[in-house]
Amino acid sequence: MTAPLLRTHGLGKRFGGFVALQEIDLEVHAGERVGLIGPNGSGKSTFVNCVAGDFASHQGTVWFGDRALGRLAPHKRTALGLARTFQLPRPFRSMSVLANVSLPLLFARNNGGAERAHECLHQVGLAAKADALPRDLTQVDLRRLELARAIAARPRLLLADEVMAGLSHMEVDEMLALLLRLNEAGIAIVMIEHIMRAVTAFCERLIVLVAGRMIAHGPPSDVLASPAVESAYLGT
């Protein structure tokens with residue numbers, strides 16, 4: 001097997017006396033579809049923030065390819081090919097949809113300018129709304145815009161943090177299809193999600209966090225059948 005695209009070793013994060021992550025060792029390979037699941041407060045978003053560079057970890061190492069990221073700034077991680085979305089979309093409200101996607105290109109190599117921005121909007125199904133303002137978008141379109149902004153810099157890995165939150169059943173299916181297309185285009189995706197039917201439909205492998213610790217990892221059918229996961233996450 002080739003070297004992992006993302007690797008964390010002994011990753012830990014605390015906030016004062018509260019330990020949010022403890023000794024997280026995991027790998028994600030190029031082109032993989034991985035699910036990161038767990039109950040609220042389990043450390044999923046903290047993990048994403050540590051990997052993306054928004055939080056500084058207190059211990060451990062994050063590797064992207066052959067590079068230890070250390071305290072590398074988030075925009076420099078983006079330039080290396082590591083992108084993330086946010087649970088709550090954060091567009092620039094006074095800028096058009098197109099301008100919102102053009103901005104991340106400032107941090108991309110060979111960014112392609114307006115042509116690349118239009119290409120991203122086409123990929124996520126927002127080409128017809130390029131001149132709209134974020135306030136005119138529906139909830140699912142705001143999620144699409146968040147994805148377009150994340151993929152603008154041509155990432156090799158996307159950390160998709162609850163991109164389906166608040167969506168209807170049909171909109172979840174649309175978002176699943178979009179994520180699968182992005183994966184087929186060569187982007188490895190780590191899906192952080194509570195909607196289990198989406199997780200099982202999309203992911204090749206699951207990682208389960210509970211109280212900041214990894215309690216299970218492996219194929220979805222094996223992980224979800226684990227008594228520890230049923231007890232801690234599914235509540236059965």
Chemist: Nearest 0.5 Å please: distance from the CZ atom of Arg156 over to the CG atom of Leu82.
Modeler: 9.5 Å
Chemist: Any side-chain to backbone donor/acceptor pair from Thr200 onto Met196? Under 3.5 Å, distance only.
Modeler: yes
Chemist: So how far is it from Leu98 CG to Lys129 NZ, rounded to the nearest 0.5 Å?
Modeler: 15.0 Å
Chemist: Nearest 0.5 Å, what's the CG-CE distance between Leu167 and Met175?
Modeler: 5.5 Å
Chemist: Taking only residues two or more places apart in sequence or in another chain, which ones pass ring-ring contact (aromatic ring centres under 6.0 Å, His included) with Phe18?
Modeler: none
Chemist: So, the side chain of Thr78 versus the backbone of Pro74: is there a donor-acceptor pair under 3.5 Å, distance only?
Modeler: yes
Chemist: Look only at the side chain of Arg116 and the backbone of Val101, and say whether a donor-acceptor pair between them is shorter than 3.5 Å.
Modeler: no
Chemist: Check the pair Phe47, Thr8 against side chain to side chain contact (heavy atoms under 4.5 Å, CB included), reporting the backbone distance first and the verdict last.
Modeler: CA-CA 10 Å; Phe47 174 82; Thr8 69; 3.9 Å; yes
Chemist: Kindly say whether Arg90 contributes a backbone atom to a donor-acceptor pair with the side chain of Arg149 at under 3.5 angstrom?
Modeler: yes
Chemist: Tell me if a side-chain donor or acceptor on Arg205 pairs with a main-chain N or O of His217 at a distance below 3.5 Å.
Modeler: no
Chemist: State, to 0.1 Å, how close Val163 and Thr85 come at their nearest heavy-atom pair, and which atoms those are.
Modeler: CG1-OG1, 3.4 Å
Chemist: Distance from Arg154 atom CZ to Cys120 atom SG, nearest 0.5 Å?
Modeler: 7.5 Å
Chemist: Is it true that, when you exclude Arg213 itself, more than 12 heavy atoms of the residues, nucleotides or ligands shown sit nearer than 6.0 Å to its CZ?
Modeler: no
Chemist: Would you mind checking if Arg77 and Asp54 are paired as a salt bridge, meaning a charged N to carboxylate O distance below 4.0 Å?
Modeler: no
Chemist: Please give me the minimum heavy-atom distance between Leu182 and Gln123, naming the atom from each residue.
Modeler: CD2-NE2, 3.9 Å
Chemist: Flag the pair Glu174 and Arg144 as a salt bridge only when some basic side-chain nitrogen lies within less than 4.0 angstrom of an acidic carboxylate oxygen.
Modeler: yes
Chemist: Are Leu209 and Ile24 packed together at the side-chain level, in the sense that at least one heavy-atom pair is separated by less than 4.5 angstrom?
Modeler: yes
Chemist: Say whether Leu180 and Val172 are linked into one hydrophobic cluster, either directly or through other cluster members, by side-chain heavy-atom distances under 4.5 angstrom.
Modeler: yes
Chemist: Hydrophobic cluster membership, with links at side-chain heavy-atom distances under 4.5 Å among I/L/V/M/F/W/Y: are Phe86 and Leu103 in one?
Modeler: no
Chemist: Please report the shortest heavy-atom distance between Leu176 and Ala201, naming the atom on each side.
Modeler: CD1-CB, 4.2 Å
Chemist: Any non-hydrogen side-chain atom of Leu158 less than 4.5 Å from a side-chain atom of Leu147?
Modeler: yes
Chemist: If the threshold is 4.0 Å, N to carboxylate O, is there a salt bridge linking Arg143 and Glu146?
Modeler: no
Chemist: Begin from the C-alpha positions of Val62 and Cys50 and carry the test side chain to side chain contact (heavy atoms under 4.5 Å, CB included) through to its verdict.
Modeler: CA-CA 8 Å; Val62 178; Cys50 288; 5.6 Å; no
Chemist: Hey, does Arg14 have a side-chain heavy atom less than 4.5 Å from the side chain of Gln59?
Modeler: no
Chemist: CE/Met95 to OG/Ser102 distance, rounded to the nearest 0.5 angstrom?
Modeler: 7.5 Å
Chemist: Checking Gln87 against Lys44 for the side chain to side chain contact (heavy atoms under 4.5 Å, CB included) test, could you report, in this order, the C-alpha distance in whole Å, the side-chain angles of both residues, the deciding distance, and whether it holds?
Modeler: CA-CA 11 Å; Gln87 288 183 18; Lys44 304 183 301 298; over 6 Å; no
Chemist: Within a strict 4.5 Å, meaning less than it, do heavy atoms of the Leu224 and Ile37 side chains meet?
Modeler: yes
Chemist: So do the side chains of Leu5 and His29 get within less than 4.5 Å of each other, counting heavy atoms only?
Modeler: no
Chemist: Between Leu105 and Ala117, what is the shortest heavy-atom contact and its length?
Modeler: CD1-N, 3.9 Å
Chemist: Could you give me the CA-CA distance, side-chain angles and deciding distance for Ile187 and Ile189, then say whether side chain to side chain contact (heavy atoms under 4.5 Å, CB included) is met?
Modeler: CA-CA 6 Å; Ile187 302 175; Ile189 298 177; 4.2 Å; yes
Chemist: When you group the ILVMFWY residues by side-chain heavy-atom contacts below 4.5 Å and let the links chain together, are Met164 and Leu137 in the same group?
Modeler: yes
Chemist: Nearest 0.5 Å, please: how far is CD1 in Ile207 from CG in Asp25?
Modeler: 11.0 Å
Chemist: Keeping the roles fixed (side chain from Arg33, backbone from Phe202), state whether a donor-acceptor pair exists under 3.5 Å.
Modeler: yes
Chemist: Using modelled atom types only, decide if a donor and an acceptor are shared between the side chain of Asn183 and the backbone of Leu179 within a distance under 3.5 Å.
Modeler: no
Chemist: More than 12 foreign heavy atoms under 6.0 Å from NE2 of His58: is that the case here?
Modeler: yes
Chemist: Do Pro220 and Val199 make a side-chain contact, defined as non-hydrogen atoms from C-beta onward lying under 4.5 Å apart?
Modeler: no
Chemist: Around Arg135, counting heavy atoms of other residues, nucleotides and ligands shown, do more than 12 lie under 6.0 Å from its CZ?
Modeler: no
Chemist: State, yes or no, whether a side-chain contact exists between Ser57 and Leu21 at a heavy-atom distance under 4.5 Å.
Modeler: no
Chemist: If you group Ile, Leu, Val, Met, Phe, Trp and Tyr by side-chain heavy-atom gaps below 4.5 Å, do Met214 and Phe55 land in one group?
Modeler: no
Chemist: What pair of heavy atoms forms the shortest contact from Val229 to Val208, and how long is it?
Modeler: CG2-CG2, 4.0 Å
Chemist: Which pair of non-hydrogen atoms, one from Phe92 and one from Asn100, has the smallest distance, and what is that distance?
Modeler: N-OD1, 2.7 Å
Chemist: Tell me whether Trp63 shares a hydrophobic cluster with Leu72, the cluster being built from Ile, Leu, Val, Met, Phe, Trp, Tyr side chains joined at under 4.5 Å.
Modeler: no
Chemist: Could you tell me whether the side chain of Arg181 reaches within less than 4.5 Å of the side chain of Val124, counting heavy atoms only?
Modeler: no
